[in-house]
Amino acid sequence: MSLDHRLAPEHEELRRTVEAFAHDVVAPRIGEFYENHAFPYDIVRQMAEMGLFGLPFPEEHGGMGGDYLALCIALEELARVDSSVAITLEAAVSLGAMPIHRYGSEEQKREWLPQLCSGERLAAFGLTEPDCGSDAGGTRTTAVRDGDAWVINGTKCFITNSGTDITALITVTAVTGRNPDGSPRISTIVVPSGTAGLTVAAPYSKVGWNASDTRELSFADVRVPVGNLLGEEGRGFAQFLRILDEGRIAISALATGLAQGCVDESVRYAHDRHAFGRPIGANQAIQFTIADMEMRAHTARTAWRDAASRLVAGEPFKKEAAMAKLYSSEVAVTNAREATQIHGGYGFMNEYPVARMWRDSKILEIGEGTSEVQRMLISRHLGLPGA
């Protein structure tokens, strides 16, 4: 595999387009949405008009005919300005629509993908539970076959895009039986929004990502047609592991964008802020700090592009995805801390983007597999004893 991760002309054109949108449309308005904990419907609508929600999907199902690399490029550019809009896109595409694309029947694809690719509707991924985070195999939500329906009972938490006015469906993992060894047989089932028995809680009060939608879901005898089973019964565990492997590359791109955004804001502030009669950027301590921030962001970008290139080429990518996600998320936290320090007291004021970036960064070390889980996966791929 070539180690040259410079973008092809079509990918570079996409990057420039999303970069301009992020700075011209998102940056001037997102602060108000963020502080009011409001979902930015108008911004999401414009993202939909640009085709961002259909980037990695085939044209026959309403997509743009691009690839996963294109999606990640868009995520990085959005996250350079704001992570709430970036995670809305990431969750809608790599977690919400991607399971239908990967595992759905042709009929399911025709029914759901066009509206998801257009961005007119959003999809959510119902995996995490109150007592089941990193231990995804410990799923307690159940789905019992009753004639021509599945009857679902359980609770899911921290589910992005699950309660917006344009949410179309949630793909839910549930135990549908037991294997011969007694282990749970987990399947994935599509639950349309508004289905009787599905209760969508009020939005969480979060530390960050305040302009994105995150809620708890309760399922009380929720009945959906048997045909809403996604892929083979009992293959849900393997399905969501693949979805999470891919999603880690997307989160890595998002984290890289946040890290690069911290550099952008710090360079700007180092020019504008004067102390002791000169710009603070003239101080070598500030210069070296920002240089280290740029080095970390560049290295994180190389890591996620390597993983994405392997995915697109059909090559093994799980280890590379875990390394990219681990490194870039920790880089995002470090760069956010350094950028806040450079801004001093102003970095603690919400009117400055770095304050938002600081609040948004920590979840990147937790969501879609904690840093500890990534280290477990890397150790396992190295064949270490007991890993």
Side-chain angles (χ1 to χ4, degrees), residues 22 26-41 43-44 47 75-92 94-95 122 124-125 128 133-134 157-164 201-216 247-248 250-266 293 296-297 300 325-343 345-371 374:
V26 179
R29 302 182 58 197
I30 196 61
E32 181 179 357
F33 288 106
Y34 195 92
E35 290 309 309
N36 290 326
H37 295 248
F39 189 78
Y41 286 101
I43 292 175
V44 170
M47 291 164 59
L75 290 172
E76 180 180 337
E77 291 304 321
L78 289 172
R80 285 179 70 171
V81 169
D82 179 71
S83 291
S84 291
V85 294
I87 195 58
T88 296
L89 176 63
E90 192 276 337
S94 72
L95 297 181
L122 304 178
F125 186 55
T128 305
S134 296
C157 61
F158 312 139
I159 310 303
T160 305
N161 293 339
S162 58
T164 74
Y204 288 105
S205 175
K206 297 174 293 187
V207 171
W209 286 358
N210 287 337
S212 70
D213 179 80
T214 318
R215 305 180 189 237
E216 182 176 276
R248 286 171 184 136
I251 290 294
S252 179
L254 191 157
T256 300
L258 188 152
Q260 189 65 59
C262 289
V263 176
D264 299 341
E265 294 299 326
S266 295
M293 291 166 63
R296 287 189 288 264
K325 199 274 183 183
L326 171 62
Y327 181 76
S328 60
S329 61
E330 295 189 347
V331 161
V333 171
T334 300
N335 276 18
R337 183 181 66 248
E338 298 284 23
T340 303
Q341 190 71 19
I342 288 171
H343 280 67
Y346 290 108
F348 205 63
M349 300 295 109
N350 286 326
E351 64 186 277
Y352 281 79
V354 294
R356 192 167 66 243
M357 293 171 177
W358 184 54
R359 293 162 67 178
D360 289 340
S361 64
K362 181 58 188 175
I363 187 59
L364 297 170
E365 295 182 316
I366 299 171
E368 295 200 37
T370 64
S371 295
Q374 305 314 311

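Starting from 1, each residue takes its place in the sequence as its number.
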Looking only at heavy atoms, what is the nearest atom pair of V354 and T340, with distance? O-OG1, 3.9 Å
Short N-O contact, E32 and R29, less than 4.0 angstrom: no
Show your working on side chain to side chain contact (heavy atoms under 4.5 Å, CB included) between E351 and Y346 and close with a plain yes or no. CA-CA 8 Å; E351 64 186 277; Y346 290 108; 5.8 Å; no
For G369 and Q374 the tightest heavy-atom approach is O-NE2, 3.1 Å
So, does N161 use its side chain to make a donor-acceptor pair with the main chain of D213 at under 3.5 Å? no
Heavy-atom donor-acceptor pair, N210 side chain to E35 backbone, under 3.5 Å: no
Test item: T334 side-chain N/O and E330 main-chain N/O as donor-acceptor pair under 3.5 Å: yes
OG of S205 to NE2 of H37, rounded to nearest 0.5 Å, is 6.0 Å
Validation row: F33, D82 side chains within 4.5 angstrom (heavy atoms): no
CH2 of W209: more than 12 outside heavy atoms within 6.0 angstrom? yes
Spacing of L254 atom CG and L78 atom CG [to the nearest 0.5 Å]: 8.5 Å
In short, A91 meets T160 closest at the heavy-atom pair CB-CG2, 3.7 Å
Donor-acceptor pair, R356 side chain versus S83 backbone, under 3.5 Å? no
Can you tell me if Y41 has over 12 outside heavy atoms packed within less than 6.0 Å of its OH? yes
Are any of the side-chain heavy atoms of K362 and V207 separated by less than 4.5 Å? no
Could you check if a side-chain atom of S84 sits within less than 4.5 angstrom of a side-chain atom of Y34, using non-hydrogen atoms only? yes
Hydrogens and angles aside, do N350 and R359 bring a side-chain donor and acceptor to less than 3.5 Å of each other? yes
Which heavy-atom pair separates F158 from Y204 by the least distance, and what is that distance? N-OH, 3.2 Å
Would you check if M293 and C262 make a side-chain contact, meaning some heavy-atom pair closer than 4.5 Å? yes
Measure the acute angle between the ring planes of H343 and Y352, then classify it against the limits of 30° and 60° as parallel, tilted or perpendicular. perpendicular
I need the I363 CD1 to L258 CG distance, nearest 0.5 Å. 12.5 Å
Under a 3.5 Å distance rule, please check whether K325 uses its side chain to pair with a backbone N or O of L364 as donor and acceptor. yes
Please give me the minimum heavy-atom distance between A300 and T256, naming the atom from each residue. CB-OG1, 3.4 Å
Using atom types as modelled and distance alone, determine if a side-chain donor or acceptor of K206 lies under 3.5 Å from a backbone N or O of S212. yes
Rounded to the nearest 0.5 Å, how far does CD of E368 lie from OG1 of T128? 9.0 Å
So, for S94 and A250, which heavy atoms are closest and what is the spacing to 0.1 Å? OG-CB, 4.3 Å
